[in-house]
Number of protein chains: 2
Amino acid sequence: MTRPAPPPGSPPSSPPTQRDPDVGRRALRELRHRITTGVLAPGAQLHEQSLADELAISRSRLREAFARLEATGLIDRTPNRGAFVHRLTIAEARDVFQAREALESMCAGLAARNAPPESWQDLVDLFAAPTQALVEAGDFEGYLANVALFRRRMIQAAGNQTIAELLGPLLDRSAVAMRRVILATNRASDGLVQYRAVIAALRAGDAEAAEQRKRAQLHEAWAALERYHRLVL
Amino acid sequence: MTRPAPPPGSPPSSPPTQRDPDVGRRALRELRHRITTGVLAPGAQLHEQSLADELAISRSRLREAFARLEATGLIDRTPNRGAFVHRLTIAEARDVFQAREALESMCAGLAARNAPPESWQDLVDLFAAPTQALVEAGDFEGYLANVALFRRRMIQAAGNQTIAELLGPLLDRSAVAMRRVILATNRASDGLVQYRAVIAALRAGDAEAAEQRKRAQLHEAWAALERYHRLVL
DNA sequence: GTATATTAAATTGTTGACAATTTTTTCGCC
DNA sequence: GGCGAAAAAATTGTCAACAATTTAATATAC
């Protein structure tokens, strides 16, 4: 049977909006974005009705999104009390950085083994003068964007979907704290040096070095976070 | 305010059953158990109404459990089609074992550093004669139980909640395949040797060796799975 | 008899209403 | 005015009915 014709005037090929899974995904992305950028601060409460109204979705669909955010550790829900943006403790931050060290160092090694050395040249160039200029100009958002780009490239080159899916939530969870450290402590120039070292190892096709230097980079990042944890957590 | 007295005859201290979060958790555990043990085979479809009836919960609550199972990768849901027990592909299995290698080797190192060497003595003993006897008697369930015990101890000693929560789903996902390899190929005696080596390193307080040997153990396990993947996937 | 279209049944997704719980406000009392 | 109990409001969790979609069954043409 052909589907009953949509009322004249409604856009022809738009999914029936009633069951479009995309509308839920959009809301989920929006919430994740607000949390990882700090628009929704750690500890903030998320009220169902008002949020649902604002995002123009029903409460049930918002709750579906909540379930996913909870599963990835971005929010905490306590029965009958509500949902709150997850607040990183110092102990949990340490755990997260240890997990990232294990997974990202493996990624670095895999990336070095999988991708041809020449394929990293553009990142060598990007992290030389251009990113240096960004840091010196105090454009930390630009710096962070380049770092994110490198990370995506590394993870993609590693070719491990499972690790990629584990790292996503871990990066989201540490995003706010990382950003605060960068903004508050001028650590970007230190970080830049570390990233250059990792990229150089990839460019040289040296998997061992790439792995080792990614480990070192995360150790440094953790040390900085620990030093300023009263400020950023 | 004191809660209004329950109708006479109803068990006094039972939570109002209407909103008890435990009932949902029980159903979730039951489903996870059925999947990881293979009672619900990879690819099997999970129908909402019949399952809800069987578990004596409402459909909405079952769907909540489905959301969690999907988030941990134990089931796949396709819109309007239903939920199916996740089926591991060979490529994904490789990814999972790489991720486990990264995380479990880190755990082994942390465990060696955190826990006093003497604390591993009971596992040294357990994996000597007693487990050897189990393997020789063909009691693979007993063998797997001991392996699970060791893993719990190692993860607990590592003291990293985040890694523990990442490993849980990974272990669940590979559980069925692992079990099939053991049962079908007599690989238990090989595995036993590897586990003994890891435990010996922990007993000696040698973090480097523990890490390295855990890596080796997982490499071996992966090699076995790859060899027999047509049989077990 | 096989293939294709049509109808019916079964299944999933979403909504709105209701119940249980928490939080806020109001009221009485000292 | 401050403290505590009671009532009211707001908020979350659950359910049952309904809508949308897929799957199975039936009929029809060739």
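Reminder, nothing fancy here: chain letters follow the sequence lines and each chain counts from 1.
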**Asked** For Glu220(B) and Lys214(B), what are the C-alpha separation, side-chain angles and deciding distance, and is it a salt bridge (charged side-chain N to carboxylate O under 4.0 Å, His left out)?
**Response** CA-CA 10 Å; Glu220(B) 270 301 311; Lys214(B) 194 76 185 92; over 6 Å; no
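- Glu48(B) has no carboxylate O lying under 4.0 Å from a charged side-chain N of Arg81(B), or vice versa, which leaves the two without a salt bridge.
- Contacts between residues 27-35 of chain B and DNA chain D, counted as heavy-atom distances below 4.0 Å, involve no residue at all.
- Between Asp53(B) atom CG and dA10(C) atom C1' there is a gap of 14 Å when expressed in whole angstrom units.
- With respect to the salt-bridge test (charged N to carboxylate O, under 4.0 angstrom), the residues Arg215(A) and Glu104(A) do not qualify.
- Other residues, nucleotides and ligands contribute at most 12 non-hydrogen atoms within 6.0 Å of the CZ atom of Arg68(A).
- Between Arg26(B) and Glu30(B), no side-chain nitrogen of the basic residue sits less than 4.0 Å from a carboxylate oxygen of the acidic one, so the salt-bridge criterion is not met.
- Sequence order on DNA chain C of the closest nucleotides to Gln49(B) and Ile57(A) puts Gln49(B) first from the 5' end.
- Listed pair Arg81(A) / dT22(C) fails the phosphate criterion, with no side-chain N or O lying under 4.0 Å from OP1 or OP2.
- Taking only distance into account, the side chain of Arg59(B) meets the base of dG13(C) through a donor-acceptor pair shorter than 3.5 Å.
- Contacts between residues 64-74 of chain A and DNA chain C, counted as heavy-atom distances below 4.0 Å, involve no residue at all.
- Rounded to an integer number of Å, the gap from CZ of Arg63(B) to P of dC15(D) is 14 Å.
- Between the base of dT12(D) and the side chain of Arg19(B) there is a donor-acceptor pair shorter than 3.5 Å.
- Between Phe97(B) and Glu101(B), the closest side-chain pair of non-hydrogen atoms is not below 4.5 Å.
- A salt bridge does not link Arg94(A) to Glu226(A): none of the charged nitrogens lies less than 4.0 Å from a carboxylate oxygen.
- The shortest side-chain heavy-atom distance between Phe150(B) and Val198(B) falls under the 4.5 Å cut-off.
- Taking a 4.0 Å limit (strictly below) on heavy-atom distances, residues 39-47 of chain B reaches DNA chain C at Leu46(B), His47(B).
- Nucleic acid contact for Pro79(B): sugar-phosphate only, since backbone atoms but no base atoms lie under 4.0 Å from a heavy atom of the residue.
- Other residues, nucleotides and ligands contribute more than 12 heavy atoms inside 6.0 Å of the CD atom of Glu141(B).
- In this entry the distance linking CD of Glu48(A) with C1' of dG13(D) reads 8 Å, nearest Å.
- Summary of the strand contacts: Arg77(B) and Asn80(A) both lie near DNA chain C, and taking for each the nucleotide with the nearest heavy atom, the more 5' one is attributed to Arg77(B).
- Rounded to whole angstrom, the span from the CZ atom of Arg25(B) across to the P atom of dG13(D) amounts to 13 Å.
- Electrostatic pairing of Asp22(B) and Arg25(B) counts as a salt bridge here, judged by a charged N lying under 4.0 Å from a carboxylate O.
- Between Asp76(A) and Arg87(A) no salt bridge is recorded (no basic side-chain N to carboxylate O distance below 4.0 Å).
- Side-chain N/O atoms of Glu92(B) and His86(B) include a donor and acceptor closer than 3.5 Å.
- Asp22(A) places its CG atom 19 Å from the P atom of dA20(D), with the value rounded to the nearest Å.
- Between Ser60(A) and the phosphate of dT15(C), there is a side-chain N or O to OP1/OP2 separation shorter than 4.0 Å.
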